Amino acid sequence: MPRVIVTRAAAQAASWLERLAARGVDAFAVPLIEIGAAPDAAAVRAAWAGLASRRLVVFVSANAVLQFFAARPEAAEWPMPLLAAAPGPGTAEALRAEGIAAASIVEPAADAPQLDSEALWERLSAHEWRAARVLVVRGDGGRDWLAERLGEAGAEVGTLAAYTRLVPRPSAETRRRIEAAFADPAGHVWLFSSSEAIANLELVAGGARASGSRAIATHPRIAARARQAGFTTVWEVAPGLDAVVDCIQSMQP
């Protein structure tokens, strides 16, 4: 099997390395997104204070969960009737790790063709949202598609930037690993769960470096971005560990 390059932000990359190792997959991390502090810490604290008036909080990623809960004021609690929405299994897992009850988490169906905002909306659209107060927790900026659907359904939707996304400054060792991977594309495969990670790789490594390289992408939009960046072979898989490992194990060196 090829060596797998995990490109998630550092916190998620470490978890993925552990789980891949447990499945016999040789992997190392090249985090291509850096997570920074919220642009307005007071706004995050205010959001915690106002949770009781909300019907739903949508977390766009596991990082949104981690950063929002890391900023929880002392003694603040998650109101029991409040729903938490997650577009994929990693975000739902992060919510459960923070103590949110499974019955309060809304996530896409396990057999959904894609695990994304569209699949999450399939579940959320079954609820009545007229006059409901909804909060979308995300990074600085991001896709507004789900917020727009909730607004069209009559919800009062607010957004909160719980963190900033930064282009990382790779160490000398990380640069060496990137160079080695590009020099030996048959021996490596890049694992992408974000189009932004691919854009940052282009910034860090320079353009046209990916020609001949291989990638696993966890969404069609990410796969398209990888092909645009020059990756010669791109596999599209579901974002869960099992699908990723199955894809890796099917590869010829």
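Computed over heavy atoms, backbone and side chain alike; hydrogens, waters and symmetry mates excluded. As the structure is a computational prediction, the values presented were derived from the model and not from experiment.
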Decide yes or no for [X] and [Y]: does some side-chain heavy atom of the first lie under 4.5 Å from some side-chain heavy atom of the second?
X      : Y      : value
Leu191 : Ile5   : no
Leu160 : Val136 : no
Thr91  : Val65  : yes
Pro239 : Ser193 : no
Ser53  : Arg133 : yes
Val137 : Val58  : no
Tyr163 : Ser61  : yes
Phe28  : Val6   : no

Would you name the heavy atoms of [X] and [Y] that are closest together and state the gap between them?
X      : Y      : value
Val204 : Arg175 : O-NH1, 3.3 Å
Leu146 : Ser117 : CD1-O, 4.0 Å
Asn200 : Leu166 : ND2-O, 4.1 Å
Ala210 : Ala229 : CB-O, 3.8 Å

So, the side chain of [X] versus the backbone of [Y]: is there a donor-acceptor pair under 3.5 Å, distance only?
X      : Y      : value
Arg214 : Ala186 : yes
Ser104 : Ile100 : no
Asp116 : Ala119 : yes
Trp16  : Leu20  : no
Trp129 : Leu124 : yes
Arg8   : Ala29  : no

Rounded distance (nearest 0.5 Å) linking atom [atom1] of [X] with atom [atom2] of [Y]:
X      : Y      : atom1 : atom2 : result
Leu241 : Glu93  : CG    : CD    : 9.5 Å
Leu150 : His127 : CG    : NE2   : 10.5 Å
Arg96  : Glu107 : CZ    : CD    : 5.5 Å
Phe59  : Arg138 : CZ    : CZ    : 14.0 Å
Thr233 : Met251 : OG1   : CE    : 9.0 Å
Leu82  : Leu56  : CG    : CG    : 7.0 Å

Can we say [X] and [Y] salt-bridge, meaning some charged N sits less than 4.0 Å from an Asp/Glu carboxylate O?
X      : Y      : value
Glu156 : Arg54  : no
Glu202 : Arg225 : yes
Glu173 : Arg176 : yes
Arg130 : Glu128 : yes

Taking only distance into account, with no hydrogens and no angle test, what donor-acceptor pairs under 3.5 Å do side-chain atoms of residues 32-52 form with protein atoms, sequence neighbours excluded?
residue: Asp40; atom: OD1; partner: Ala42; partner atom: N; Å: 3.2
residue: Asp40; atom: OD1; partner: Ala43; partner atom: N; Å: 3.2
residue: Trp48; atom: NE1; partner: Phe68; partner atom: O; Å: 2.9

Quiz item: Yes or no on side chain to side chain contact (heavy atoms under 4.5 Å, CB included) for Trp190 and Ile178, after CA distance, side-chain angles and deciding distance?
Solution: CA-CA 10 Å; Trp190 296 78; Ile178 292 172; 4.2 Å; yes
Quiz item: Within 45° of the six-membered ring axis of Trp145 and under 6.0 Å from that ring's centre, is NZ or CZ of Arg149 located there?
Solution: yes
Self-check item: Evaluation steps, side chain to side chain contact (heavy atoms under 4.5 Å, CB included), between Asp242 and Arg23
Solution: CA-CA 9 Å; Asp242 288 344; Arg23 300 286 291 271; 2.9 Å; yes
